[in-house]
Amino acid sequence: MAKNSKNKPLTAPPNELLKTIFSYVGRIADERDIDQLLILLADMGRDLISADRCTVWLLNRKTDELWSRVAHGLDRITIPCSAGIAGCVAMTGESLIINDPYHDSRFDKDVDKKTGYHTRNILGLPIHDGEGKIIGVFQAINKMPEPQAFSEQDLDHLLLAATYTGKALDAAMLQEEIEATQREIIFTLAETGELRSKETGFHVKRVAEFCRLFAEKHGLSADETELLRLSSPMHDIGKIAIPDSILLKPGKLTPEEWDTMKTHTTLGHEMLKHSERRLLKAAALIADEHHERWDGTGYPSGKKGEAIHIFGRITAMSDVFDALANTRVYKPAWELERIVELFKEEKGHQFDPKLVKVFLDNLDEFVKIKETYKDEPPAMES
Ligand code: C2E
Ligand code: SIN
Ligand code: SIN
Ligand code: SIN
Ligand code: FE
Ligand code: FE
């Protein structure tokens, strides 16, 4: 083992180091998505110190866990702080270089056993926020090429990178927190609206999941799909401003009542449109467009075809499917066959023909969501 590697010039000279940092800095500064940022930072760390693998872990203080995203398209991974080298760094705040992990009790050998990977070297470095609090851990594994080992110099170089990019991470984490708060507000508000209209308990959840399924099958990006899933529950938020006498009327609405009811689209749009947030902007658009029809005879604007945003077209179908499949104060639930008939009839009229095809081609999956989030039978009706 190259135990004396510390004294050899194994790491990149400073100008190479700076070049590597500069090649990443622009992208890192522009990246606001925390998952992408974690991957970018890990790639930079790996390049800087010639590690085989690098992971940037973020600390979740509520659960005492570290989490990360190690590759595009993969789910987030989570490990407890109570085990392993990264957990140890997060808990103690001390950097570690371990070049003989199999003789170190802090190293969790089971991970190698499970993955078949052989860990020779580990480097761990705490990442701090602007106030000096630990927010995560830079972890590098296996100095390349074999049999080199990590040195104090590697640590210094990674530390430089960590300091330089800590701000970006800090900002992205704040962003993540804001978006988590937004999600909570959205679901809370959406459920409030739902309670008032006595729409069945899982309505917003189902509509969100139908929208996700439509978006995936229609070929929207993962990012757009998630944006739609999170914002679609707000589509009827404007119903908060509709009087109970109309909202809860068991029978058919008079023409005047109907005119009032239709304003829930523009009211929702008004409520949400002032936000600069991506999530609320999408929600505003959906509130506005979810009763437009493909043939241009919908409300409030009579937009037609692809002039209606794909989010609006998808939410429209998801909302109608859910309204028909469940009991409303003004109508009983419909059988699936009858709903399918309606969608076939309305293909190219009320609904985007491509989306009707998606629905019919994937009917089983839509039904599965409907069954998964089934409401309790209403106590008062039926
Ligand atoms: P909602 O209950 O969420 O219904 C969403 C959409 O599902 C409706 O939008 C409509 O496109 C479709 N839908 C629901 N029931 C039926 C049905 O029996 N047949 C057909 N073909 N489609 C149906 P729409 O029509 O723009 O209505 C918007 C909202 O206005 C509804 O939201 C509901 O809250 C309210 N509403 C509509 N009709 C009545 C009614 O007769 N009485 C009462 N009290 N409210 C109504
Ligand atoms: C996770 O999704 O793995 C947890 C992420 C978080 O703590 O925000
Ligand atoms: C929430 O309930 O706060 C979010 C639900 C979800 O992400 O599906
Ligand atoms: C989009 O991919 O955002 C639009 C697709 C469509 O218009 O159907
Ligand atoms: Fe609506
Ligand atoms: Fe609805």
Side-chain angles (χ1 to χ4, degrees), residues 186-187 189-211 228 231-272 283-303 308 311-347 349-352 355-356 359 370 373 375 378 380-381:
I186 283 181
F187 270 78
L189 281 177
E191 277 167 0
T192 309
E194 197 188 356
L195 277 179
R196 279 226 33 243
S197 62
K198 290 222 170 75
E199 269 162 27
T200 47
F202 280 125
H203 174 57
V204 294
K205 184 72 191 170
R206 283 188 307 255
V207 169
E209 291 302 315
F210 293 145
C211 285
L228 174 60
S231 53
S232 56
M234 291 289 258
H235 67 273
D236 273 338
I237 195 69
K239 282 184 180 173
I240 284 176
I242 305 295
D244 278 352
S245 59
I246 298 174
L247 200 60
L248 304 180
K249 183 172 173 176
K252 232 180 138 37
L253 304 177
T254 67
E256 293 75 30
E257 288 169 338
W258 180 235
D259 281 341
T260 303
M261 176 57 86
K262 285 194 288 189
T263 64
H264 80 276
T265 50
T266 43
L267 286 169
H269 182 242
E270 289 296 319
M271 288 164 65
L272 300 167
L285 178 141
I286 291 167
D288 189 36
E289 295 190 344
H290 75 279
H291 289 296
E292 297 292 357
R293 294 171 49 118
W294 181 257
D295 62 11
T297 63
Y299 64 89
S301 307
K303 286 180 192 168
I308 308 160
F311 286 3
R313 279 177 271 150
I314 287 177
T315 307
M317 274 202 77
S318 303
D319 185 37
V320 172
F321 180 50
D322 202 60
L324 294 178
N326 293 281
T327 305
R328 291 282 199 263
V329 286
Y330 63 94
K331 61 165 276 301
W334 286 20
E335 295 297 329
L336 186 63
E337 293 89 89
R338 190 169 168 207
I339 298 174
V340 168
E341 275 318 301
L342 178 98
F343 280 150
K344 284 182 181 164
E345 280 166 26
E346 292 294 347
K347 183 173 179 172
H349 301 287
Q350 185 172 359
F351 304 117
D352 181 345
L355 293 178
V356 173
F359 178 76
K370 162 174 137 58
Y373 301 104
D375 297 305
M380 305 300 283
E381 294 113 335

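Numbering of ligands and ligand atoms starts at 1, following listing order. The structure presented is a predicted model; accordingly, all values stated were derived computationally and were not measured.
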- prompt: Going by the angle between their ring planes, with limits at 30° and 60°, are F321 and F343 parallel, tilted or perpendicular?
  reply: tilted
task: Report yes if some N/O of H264 lies less than 3.5 Å from some N/O of ligand 1; otherwise report no.
output: no
query: Short list, please: which atoms of ligand 1 are under 4.0 Å from a heavy atom of M261?
result: 30 (O), 34 (O), 35 (C)
- line: The answer for which part of K262 has a heavy atom under 4.0 Å from ligand 1 is neither
task: Please list, in chain and residue-number order, the protein N/O/S atoms closer than 2.8 Å to the Fe ion (ligand 5).
output: D236 OD1, H264 NE2, H290 NE2, H291 NE2
message: I want to check something: taking the side chain as every heavy atom from C-beta on, are N326 and H203 in contact at a cut-off of under 4.5 Å?
response: no
message: When you compare the side chain of F210 with that of K370, does any pair of heavy atoms fall below 4.5 Å?
response: yes
- prompt: Any ion pair linking E346 and R293 (charged N to carboxylate O, less than 4.0 Å)?
  reply: yes
field: Sub-4.5 Å side-chain heavy-atom contact between L253 and T260
entry: no
- prompt: Shortest non-hydrogen contact from E292 to G302?
  reply: OE1-N, 3.0 Å
- request: Given side-chain contact (heavy atoms from CB on, under 4.5 Å), test D319 with D236 step by step and report yes or no.
  value: CA-CA 10 Å; D319 185 37; D236 273 338; 4.3 Å; yes
query: Is there a side-chain contact between T254 and K249, using heavy atoms and a 4.5 Å cut-off?
result: yes
task: Below 4.0 angstrom from a heavy atom of I246, which ligand 1 atoms are there? Numbered from 1 as shown, please.
output: 44 (N)
field: Atoms of ligand 1, numbered as shown, that sit under 4.0 Å from any heavy atom of Q350
entry: 11 (O)
- prompt: So is G251 close enough to ligand 1, meaning a heavy atom under 4.0 angstrom away?
  reply: yes
Under-4.0 Å heavy-atom contact with ligand 1, by part of D322 that carries it: neither
query: For atom 1 (P) of ligand 1, which candidate among W334, Y330, W258 holds the nearest heavy atom?
result: Y330
query: Taking atom OG1 of T315 and atom CD1 of I286, what is their separation to the nearest 0.5 Å?
result: 4.0 Å
message: For H264 and H269, I'd like to know if the aromatic rings sit close, meaning centre-to-centre distance below 6.0 Å.
response: no
field: contact_flag E257 ligand 1 heavy-atom lt 4.0 Å
entry: no
task: With F351 as reference, evaluate M317, K344, E345 under the side chain to side chain contact (heavy atoms under 4.5 Å, CB included) test and give the passing residue.
output: M317
- request: Say whether K252, considering both its backbone and side-chain N or O atoms, lies within less than 3.5 Å of an N or O atom on ligand 1.
  value: no
- prompt: Closest heavy-atom contact between G268 and A287?
  reply: C-CB, 3.9 Å
query: N/O of H203 under 3.5 Å from N/O of ligand 1, yes or no?
result: no
query: Do L355 and W294 have side-chain heavy atoms sitting under 4.5 Å apart?
result: no
message: Evaluate K239 for polar contact with ligand 1, using N/O atom pairs at a separation under 3.5 Å.
response: yes
query: For ligand 1, which atoms sit closer than 4.0 Å to a heavy atom of A323?
result: 4 (O), 5 (C), 7 (O), 14 (C)
task: Could you list the atoms of ligand 1 found under 4.0 angstrom from a heavy atom of Y299?
output: 24 (P), 26 (O), 27 (O), 28 (C)
